[in-house]
There are 2 protein chains.
Amino acid sequence: MTLEQVARHAGVSLATASRVINGSTRQVGEKLRERVTASARELGYLANASAQTLARNTSSLVGLIVHDISDPYFSSIAAGVTGCAEQEGLIVVLGTTGRAPQRESDLLATLRSHRARAVVLAGSRSIDEESTRRLSAEIAMFTRQGGRVACVTQEGLPADTIVPDNHNGAAALARHLIAQGHHRFAILAGPTDLRTARDRLDGFHAALSNAGIELAHHNVVHGAFTRDGGYESTRRLLAAGTDATCLFVVNDVMATGAMAALRDAGLRIPQDLSVAGFDDIPTLRDLTPALTTVRLPLEWMGEEAARLALREEHAASPRVIPVLGEVVQRESTAPPSQA
Amino acid sequence: MTLEQVARHAGVSLATASRVINGSTRQVGEKLRERVTASARELGYLANASAQTLARNTSSLVGLIVHDISDPYFSSIAAGVTGCAEQEGLIVVLGTTGRAPQRESDLLATLRSHRARAVVLAGSRSIDEESTRRLSAEIAMFTRQGGRVACVTQEGLPADTIVPDNHNGAAALARHLIAQGHHRFAILAGPTDLRTARDRLDGFHAALSNAGIELAHHNVVHGAFTRDGGYESTRRLLAAGTDATCLFVVNDVMATGAMAALRDAGLRIPQDLSVAGFDDIPTLRDLTPALTTVRLPLEWMGEEAARLALREEHAASPRVIPVLGEVVQRESTAPPSQA
DNA sequence: TACCTCTTGGAAAACATTTTCCTGGACGAT
DNA sequence: ATCGTCCAGGAAAATGTTTTCCAAGAGGTA
């Protein structure tokens, strides 16, 4: 089972066997090469990955860090990352943070201790200074050790990043909805300390201001970035009473919860209230009514992040790949009824 | 950065440093222990995981093999597995097969070469003899090498298994639907060579027979085990014409596609046709109408499989943990209209 | 033929740990 | 006091590769 046994069985040295099995820069003569491969097959040799990692000081592991793998947003990205990694013959290790900022740097340290070749950090980052600093430091150590890091959505870290244009996407959506005839809006704005949520809120808000539309304070509700957060935020919005004809929810997962809450409250979508989301997660197209949203190419973003970390040459300074969102009009938004 | 440097810095031997950092069976005196921990912290020491794996001949990796991580069925199970693994301080490596039976044994070999401590095989197994034999052999080598294997759904392999009672679950669903007044059924039966799909079909069929209900051959349609497979199967069913008042789809992901196809064809659910699925994936509750199904505790199944592979003592012979499915009545099924 | 270069093979160092085995001292019992 | 037992600490072997360095032979050129 060890390479030494293979070498002995083939009657060659350990060095030669090693060169044959993984093909180094050095050549090995035809005869010996065949003897070695034959012996390896015959003995059912399987290389010891940890020994290789130790000797080479780099492994075939690629890290993927997400908040919650059962969230369709992250599982779409994960599908992209695994697809790309497996093409390269690498294996992906999946870390989940449960949205604890601390976990992110801890996982990165673990991956460093495993000599992971690269890591993809997905998931929107908290605005918290302290955890960002820790994370940046950890990324620096990871790259110094030879690893590569790519982020999805986490602008501002010392690594290549895929950045959806949240601000302009939300603004475009706002303009679309205004063109549809809406001028009284409510917003489920997600957590206050999440960069992504804030950018989408700001973009939407800016477009409204541009069109001369004021947004009443009580029409902006903050809450968790999850389905249940969306449900609960909606209940609060309705309890406070709202005059809006259109509800913008800063991500689709929350919007799904919002729709459930509206349905439970007996409101019809879009007749009583239009609803729009952001992301275009795959499960969306099966909701009724189908949700108007801003499409992000999630799986592609995962792939691209992995490609960035694996294939591309290491750039001197962090690159930023912007991704545009495209407004997708579906049945959940319609011109406001002439009440 | 190496343990030797830490040892030198603390003025102790390598052995002592090792014993302090990871706590072996041996004791280390108070004074030395403190010197070592202080040095480690001061130097920012991080253990080299591959060296540890090599020396210990076991790693902190847990494998998880699924067909497609963006499928909610698998991502729910994955959430359970990662949850349990991370509790134990282990990290999970995610392998996706894309439903190629060959990939499954290849991934298992890779995990063996990494000295993974355990692996969870999720995903229904093909009926194919050859690939099952290969997989069994690979599992045997994995366990012989000290690793543990647990399966979800893959009965018949030499490993502990979580087995949903597909047969009786489907039968219970059939009885429920019959009690609701249906007696003309159609079935989207999934792939012919998938054990899970076949068991559910058989169970449903058996309950119908028991009730004296015949199932016309043209009312059973086979197709891919995916959303699009469900969509396409439904189109074929409708194209052929059906007199059924109730459609049973062997899994929820397919059922989601089926509902879309029915909607596109202008059929109302449940007025024109009742629809029922199987699994109870989380996205289901947001469909309209919400889908009647057989609930499986997916996340729990993942957790339990991981627990089986990590915590339990190794049993002499493979254990089988049966999981009962519970019929969940929602709005997608109703008594047939008196046409 | 002598010298130089190039190629192929092997011996051994290097990688960073864990663990076995040995040594010396402390302590308790006879 | 002597022996035996236990315990903390260290030296070194062991884990399975890769890779550097050396040697020997082949082939080409002066």
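Excluded from the calculations below are hydrogen atoms, water molecules and symmetry mates; all remaining heavy atoms, backbone and side chain alike, are included. The sequence lines fix the lettering, A, B, ..., with proteins before strands; numbering per chain opens at 1.
Minimum atom distance to the side chain of B:A51 is reached by C:dA16, of the listed C:dA16, C:dA12, C:dG9. Candidate nucleotides C:dT17, D:dA8, D:dT18 were compared by shortest atom distance to the side chain of A:N22, and D:dT18 ranks first. Side-chain proximity of B:R19 to the nucleotides D:dG10, D:dT17, D:dT20 is greatest for D:dG10.
Side-chain contact check for B:H67 and B:T97: at least one donor-acceptor pair (N or O, by modelled atom type) lies under 3.5 Å. Counting only N and O atoms by type, the side chains of A:E86 and B:T96 include a donor and acceptor under 3.5 Å apart.
Both B:R56 and A:A55 lie close to DNA chain C; mapped to their nearest nucleotides by heavy-atom distance, the more 5′-ward contact belongs to A:A55. Nearest-nucleotide positions on DNA chain C for A:S13 and B:A15 put A:S13 closer to the 5' end. Between B:G29 and A:N48, the one whose closest nucleotide on DNA chain D sits nearer the 5' end is B:G29.
In this structure, A:Q27 atom CD and C:dG9 atom C1' are separated by 13 Å, rounded to whole Å. What separates CG of A:L54 from C1' of C:dT18 is a distance of 13 Å, to the nearest Å. Going from atom CZ of A:R26 over to atom P of D:dT17 covers 19 Å, rounded to whole Å. Atoms CG (B:L14) and P (C:dA16) sit 11 Å apart, rounded to a whole Å. For the pair A:R35 CZ and C:dT8 P, the computed distance is 16 Å after rounding to whole Å. As rounded to whole Å, 12 Å separates atom P of D:dA14 from atom CD of A:E4. Between the P atom of C:dT17 and the CD1 atom of B:I21 lies a distance of 9 Å, rounded to the nearest Å. Computed from coordinates, the A:H114 NE2 to C:dA16 C1' distance equals 14 Å when rounded to whole Å.
At least one side-chain heavy atom of B:Q154 sits under 4.5 Å from a side-chain heavy atom of B:E104. Side-chain contact between A:R115 and A:N57: present, with at least one pair of heavy atoms (C-beta onward) separated by less than 4.5 Å.
For B:S18 and C:dT18, the shortest distance from a side-chain N or O to OP1 or OP2 is below 4.0 Å. Taking side-chain N and O atoms only, B:Q52 has a distance below 4.0 Å to OP1 or OP2 of C:dT18.
Within the nucleic acid shown, B:N57 has no heavy atom closer than 4.0 Å to any nucleic acid atom.
The two atoms that bring B:L310 and B:A118 nearest to each other are CD2-CB, 3.8 Å, heavy atoms only.
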